[in-house]
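These notes are about the structure you will find just below.
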There are 2 protein chains.
Amino acid sequence: MLQPAEIDASETLTERQQAVLDAALRLLVEEGDNLTMTAVARRASCSKETLYKWFGDRDGLLNATVQWQASKVRVAAIDRERLDIGSLTASLERFASDWLKVISSDTSIALNRVAVSHAGSGKDDLGAIVLQNGRFALAKRLKPVLEAGQQAGLLDFEDAETAFRTFFGLVGRDVQIRLLLGDRVELTGATIGGDAARATQQFLALFGAKTGPLAHRAG
Amino acid sequence: MLQPAEIDASETLTERQQAVLDAALRLLVEEGDNLTMTAVARRASCSKETLYKWFGDRDGLLNATVQWQASKVRVAAIDRERLDIGSLTASLERFASDWLKVISSDTSIALNRVAVSHAGSGKDDLGAIVLQNGRFALAKRLKPVLEAGQQAGLLDFEDAETAFRTFFGLVGRDVQIRLLLGDRVELTGATIGGDAARATQQFLALFGAKTGPLAHRAG
DNA sequence: GCCGAACCGTAACGTACGGTACGCCTGAGG
DNA sequence: CCTCAGGCGTACCGTACGTTACGGTTCGGC
């Protein structure tokens with residue numbers, strides 16, 4: 001489990017196939033896991049036979065859909081030039097804000113829901129894929145920032161993984177599970193910004209290096 | 001959504017019905033959401049007709065099963081007598097440890113999985129029930145402790161809800177979503193204890209009152 | 001011993017849906 | 001114009017499963 005799944009979807013998929021997957025994605029958001037092949041075919045204006053020829057079976061279609069969405073959210077890593085407390089704080093806040101926006105988006109919720117369902121009866125690796133492109137991709141992008149902060153003497157931790165997980169917890173808190181379980185969490189742009197700032201300050205309070213001024217501790 | 005669901009299951013259910021629900025629960029853990037009425041009937045050594053007479057339909061059975069499990073984990077609140085930094089720390093650690101044990105248990109994972117699935121297509125309130133007896137029940141039990149800590153001058157926060165959510169995040173971090181998505185997270189008794197202690201210390205570092213000694217900051 | 005209620009086991013029904021087959025259309029190549 | 005591959009639409013098949021119906025059995029009350 002949890003191998004990177006490096007295949008770049010945009011290479012091996014034709015324009016038309018991508019359109020079909022987009023349709024499947026929209027339908028997944030609307031209908032959840034109980035979308036039917038017929039519905040996908042109708043929505044995508046293609047025949048079921050084509051669906052089966054391209055994607056094998058229903059699980060194949062779901063797999064391709066999830067990977068397709070994953071391939072769309074690739075983001076460039078942050079360059080670590082001139083790191084001071086200000087830019088580090090900004091980076092962390094930006095990560096937190098982006099992450100909150102992602103997990104509260106309709107498509108993320110829908111995708112996580114199907115992945116969780118399928119993780120129960122292990123017929124495919126949807127859970128692994130979502131995990132890989134969600135939580136683990138985030139870690140891979142954030143860890144260099146944390147380590148750069150450490151080398152710049154701004155942060156103090158033993159294990160980047162542990163530090164990351166703490167940051168993850170401070171940012172996400174109970175939001176994701178509540179959303180997945182259908183709770184209506186108020187997440188406007190403003191509250192996201194506030195939460196990102198709060199989480200960042202708390203993280204800095206926990207892992208900021210004792211040497212050097214940490215400046216403002218909001219509260 | 002999210003009304004308390006105060007009905008006490010152990011009152012209105014006969015011994016036999018509880019046994020049937022226990023069987024359904026075990027099956028739910030093993031099979032996930034794709035358990036069949038036939039399988040439940042066979043496992044419980046009862047007839048399908050009885051199942052339908054007692055619980056209406058499949059969703060009714062699932063609902064009753066989830067509520068039945070929920071009714072089993074009622075826990076007494078903590079009495080707030082003589083609160084010092086030691087007992088407060090112990091309480092928090094105990095909460096954290098209990099919570100980690102719960103969310104990493106097979107039945108919790110299975111229940112959360114079905115609830116998440118069903119939250120997608122809103123045919124019932126499984127998500128609300130799980131939320132109510134999980135995250136919100138925890139808050140209800142923990143908040144008095146936090147407020148007692150505040151009144152004792154040990155903690156400093158403006159909003160108990162916010163403080164609780166931070167604690168929740170520090171304890172859970174990425175564990176629950178990883179488990180739900182099928183990742184094998186190493187959670188032995190020892191690591192749970194360590195995580196609970198770490199989360200508690202981090203929480204105290206963030207919300208411990210500046211006045212008064214906070215003693216050991218493990219790190 | 002008899003009755004009715006509750007319940008077990010199982011057969012049967014209806015339907016939804018995954019998967020397949022087939023006829024028709026279009027559009028590129030010759 | 002002809003051909004043919006690729007793809008659309010749709011009818012069709014098989015099956016799994018929710019739901020119902022029914023005969024047989026146990027058990028408390030008379």
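Proteins come first, then strands; the chains are lettered A, B, ... in the order of their sequence lines, and each starts at number 1.
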Do you know which two heavy atoms are closest between A:Ser45 and A:Arg16, and how far apart they sit? O-NH2, 2.9 Å
Just checking, is any N or O donor in the side chain of B:Thr191 or B:Asp195 under 3.5 Å from an acceptor N or O on the other one? no
Side-chain N,O (A:Trp54) to OP1/OP2 (D:dG6) below 4.0 Å: no
Any side-chain N or O of A:Arg58 below 4.0 angstrom from OP1/OP2 of C:dA16? no
If the plane angle is over 60° it's perpendicular, under 30° parallel, otherwise tilted; pick one for B:Phe207 and B:Phe157. perpendicular
Name every residue in residues 31-53 of chain B that has at least one heavy atom under 4.0 Å from any atom of DNA chain D, in order of residue number, or write none if there are no such residues. B:Leu35, B:Thr36, B:Met37, B:Lys48, B:Glu49, B:Tyr52
Heavy-atom count check: over 12 atoms from other residues, nucleotides or ligands less than 6.0 Å from B:Asp59 CG? yes
Nearest-Å distance for atom pair CD/C1', residues B:Gln17 and C:dC7: 12 Å
B:Glu30/B:Arg43 salt bridge by N-O under 4.0 Å criterion: yes
